[in-house]
Asks: 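I have a structure here, written as structure tokens, and I will follow up with some questions on it.
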Amino acid sequence: LSPQHDQLRRKVENGVLELFFHYSSQLRHLTKTARDAGPQNVPETEKAFKNAIDSASAHFYALMADAQKLGEVDGAGTLRDRRLQNLTNLMQKRIKALQNPPDCANARKLLCNLNKGCGFGCQLHHVAYCFVIAYGTERTLILQNDGREWRYSSQGWTAAFLPVSDSCFDGPASANPWISIEGNKNHQVVSLPIVDGLSGRPPYLPQSFPKDLADDLVHLHGDPPAWFIGQFVSYLMRSSPKLEKWLGEAESRIRFGEDPIVGLQVRRTDKVGTEAAFHAVDEYIAWVEHWFAIESLKQGKQLKKRIFIATDDPKVVVEAKEKYKDYEIFADPSIATSAQMSSRYSDDSLFGVITDIRMLSKCDYLVCTFSSQVCRLAYELMQVDRGDAASWFHSLDDIYYYGGQQGHEQEVIISHTPSNEREIELRVGDVVGVAGNHWDGFSKGRNSRTGQVGLYPSYKVKEKWRIVDFPSYPNVKV
Ligand code: GDP
């Protein structure tokens with residue numbers, strides 16, 4: 001199929017979803033307005049609105065099932081998966097070549113300090129950011145002290161993962177600090193600060209992706225930046241033999257591949273009230289229900305509802321098991337210890353969080369809060385392992401983002417006249433810096449032409465991809 005065909009299909013699928021967000025939120029709002037207006041006729045009005053929501057949902061499920069099936073007919077899905085797999089093979093080969101230079105002593109290197117003082121997901125994303133810059137500047141990524149000092153394990157990085165290189169280890173003791181691409185041109189070893197303190201910001205920062213892969217990626221994948229980051233995360237998270245065994249056991253307990261399964265990540269404890277709001281288990285389950293309704297229509301049979309729960313709060317699993325008796329519920333047995341934010345993790349808690357991320361990435365759909373790096377990691381891995389899984393999620397809060405990213409921009413495709421003071425005007429071709437999707441049909445952002453900040457209908461814009469000239473590693477062939 002042509003690129004235009006695939007892009008239009010994804011646009012229709014997204015449009016159906018945005019329409020559902022909008023009308024279900026409008027109907028919920030009307031129900032509340034009726035309730036607030038007083039006791040007269042409330043039961044009848046509520047019943048009428050509930051009926052309207054139910055019939056809109058049934059209509060949504062049917063439309064969505066068809067929109068998704070359109071991507072699979074005539075073998076198109078298989079072909080797309082195969083082509084994406086070839087691109088993954090190419091990227092993994094390029095990364096491997098970068099990490100194993102023929103002359104390590106004289107190779108250009110980028111030093112990355114493993115110990116950014118934050119959670120596992122945050123730290124993995126920090127190393128992946130170093131890796132993207134290493135790829136962009138054609139420098140071998142070196143973990144400082146070869147990753148021996150890692151707050152997550154006394155045995156260092158290799159307690160869980162394979163070394164980032166088979167042949168090229170810690171560079172000379174002295175390294176030049178990062179200045180800029182131009183400023184470090186003649187330096188053999190450069191040490192990169194955490195992204196929060198980075199000046200001379202290179203164009204390679206997320207959510208950029210390489211020009212030499214752009215035509216294929218924009219054609220074949222709904223979220224090229226997440227796919228591209230996923231390549232580095234996937235390489236970094238190649239398991240040590242001990243972890244491999246552990247993951248294999250978790251996988252066989254869940255029996256992936258038999259019946260579909262939805263992954264929930266419920267982030268609680270220290271995050272709630274500081275970096276994210278509380279979301280009740282029911283809010284997650286509502287999206288599990290939507291997903292199974294659509295999938296059952298697609299498969300033409302009633303499916304058993306299976307969910308995998310990843311969480312830092314074991315009470316969530318207890319609550320879900322009590323409330324949702326018709327569900328088959330899986331959870332990693334080691335969660336009780338995994339959330340302890342102690343200065344050094346035990347191997348069980350380190351393996352616990354990695355298992356949760358890996359198992360989430362093997363599910364058929366994710367329901368989570370993208371404010372959590374744990375869920376974003378799972379989403380990124382999913383893109384590498386599962387073809388175009390760009391729309392296989394529902395986030396209860398943020399849209400997909402990457403810490404320290406460049407401005408996330410969208411381009412207006414349909415003009416908009418504000419209908420109240422919370423909305424902003426859009427003209428075709430305007431560029432909007434998007435802050436978030438309110439999942440009610442509207443997004444919030446800043447129109448760079450007018451400087452206005454406010455709401456606009458999400459369906460009136462499209463992504464403005466950051467396509468950047470990365471090196472194209474011409475010597476590496478699939
Ligand atoms: P964020 O704070 O959610 O953005 O993610 P981070 O990974 O940076 O820090 C959260 C830490 O809490 C993780 O490193 C884990 O120790 C723990 N945690 C959060 N969510 C989960 C989860 O779903 N499963 C497990 N096992 N641990 C989690």
Side-chain angles (χ1 to χ4, degrees), residues 114-129 150-153 157 159-161 194-196 206 226 229 233 236-237 243 246-247 249-251 253-254 261-279 281 284 307-320 329-363 366-382 393 395-405:
L114 200 49
N115 285 322
K116 181 173 179 177
C118 56
F120 173 83
C122 162
Q123 217 173 76
L124 232 283
H125 273 142
H126 163 65
V127 185
Y129 134 80
W150 191 30
R151 61 183 288 236
Y152 292 99
S153 172
W157 177 260
F161 304 123
I194 61 170
V195 73
D196 317 60
I229 287 293
V233 170
L236 287 169
M237 287 182 72
L243 175 63
W246 180 293
L247 291 177
E249 282 162 13
E251 243 181 86
R253 270 197 302 275
I254 301 173
I261 182 162
V262 173
L264 272 65
Q265 194 234 344
V266 183
R267 180 74 167 97
R268 293 270 170 86
T269 62
D270 60 305
K271 192 94 169 178
V272 173
T274 52
E275 293 177 355
F278 176 90
H279 292 278
V281 175
Y284 294 79
I307 57 174
F308 169 74
I309 303 181
T311 180
D312 54 337
D313 181 357
K315 288 199 294 294
V316 168
V317 182
V318 177
E319 181 188 338
I329 299 178
F330 299 89
D332 186 59
S334 63
I335 33 175
T337 54
S338 62
Q340 289 153 4
M341 306 282 287
S342 53
S343 61
R344 205 175 272 293
Y345 280 39
S346 70
D347 272 5
D348 274 14
S349 55
L350 171 63
F351 281 22
V353 64
I354 298 171
T355 306
D356 274 354
I357 292 166
R358 273 283 174 204
M359 296 307 119
L360 285 170
S361 77
K362 290 184 180 299
C363 291
L366 291 174
V367 185
C368 66
T369 45
F370 266 171
S371 54
S372 174
Q373 313 228 30
V374 169
C375 191
R376 277 182 279 136
L377 274 178
Y379 176 71
E380 288 153 1
L381 288 171
M382 206 179 214
F393 77 97
S395 166
L396 297 174
D397 57 14
D398 298 333
I399 50 176
Y400 174 75
Y401 70 97
Y402 201 94
Q405 70 182 19

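For ligands, and for the atoms within them, numbers begin at 1 and follow the listed sequence. Residue numbers count from 1 along this sequence.
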Asks: Is Ser371 in contact with ligand 1, taking contact as a heavy-atom separation below 4.0 Å?
Replies: yes
Asks: Using a strict cut-off of 4.0 Å, indicate which atoms of ligand 1 neighbour a heavy atom of Val374.
Replies: 5 (O), 7 (O), 19 (C), 20 (N)
Asks: How does Thr311 reach ligand 1, by side chain, by backbone, by both or by neither, if only non-hydrogen atoms under 4.0 Å count?
Replies: backbone
Asks: Going by heavy-atom distance to atom 28 (C) of ligand 1, choose the closest among Leu124, Thr274, Asp312.
Replies: Asp312
Asks: Side chain, backbone, both or neither: which part of Arg267 has a heavy atom under 4.0 Å from ligand 1?
Replies: side chain
Asks: Donor-acceptor pair, Ser371 side chain versus Asp398 backbone, under 3.5 Å?
Replies: no
Asks: Give me the ring orientation class for Tyr284 and His279: parallel if the planes are under 30° apart, tilted from 30 to 60°, perpendicular past 60°.
Replies: perpendicular
Asks: Regarding Thr355 and Asp332, is there a side-chain donor-to-acceptor distance under 3.5 Å anywhere?
Replies: no
Asks: Can you find a side-chain donor-acceptor pair between Tyr402 and Arg376 that sits under 3.5 Å?
Replies: no
Asks: Should Gln373 be counted as touching ligand 1, given the test is an N or O pair under 3.5 Å?
Replies: yes
Asks: Roughly how far, to the nearest 0.5 Å, is CG of Leu366 from CG of Leu360?
Replies: 6.0 Å
Asks: Which atoms from ligand 1 have a heavy atom of Asp356 less than 4.0 Å away?
Replies: 22 (C), 23 (O), 24 (N), 25 (C), 26 (N)
Asks: What about Tyr152: any of its N or O atoms under 3.5 Å from an N or O on ligand 1?
Replies: no
Asks: Please confirm whether the backbone N or O of Ala226 pairs with a side-chain atom of Glu380, one donor and one acceptor, at under 3.5 Å?
Replies: no
Asks: As a check for students: among Gln265, His125, Lys116, identify the option with a heavy atom nearest to atom 21 (C) of ligand 1.
Replies: Gln265
Asks: Backbone, side chain, both or neither: what part of Gln123 comes under 4.0 angstrom of ligand 1, heavy atoms only?
Replies: neither
Asks: Can you tell me how the ring of Tyr152 sits relative to the ring of Phe120, calling it parallel under 30°, perpendicular over 60° and tilted otherwise?
Replies: perpendicular
Asks: Do any nitrogen or oxygen atoms of Cys118 lie less than 3.5 angstrom from nitrogen or oxygen atoms of ligand 1?
Replies: no
Asks: Before we go on, tell me: are the rings of Phe393 and Tyr400 under 6.0 Å apart, centre to centre?
Replies: no
Asks: Decide whether an N or O pair under 3.5 Å exists between Arg376 and ligand 1.
Replies: no
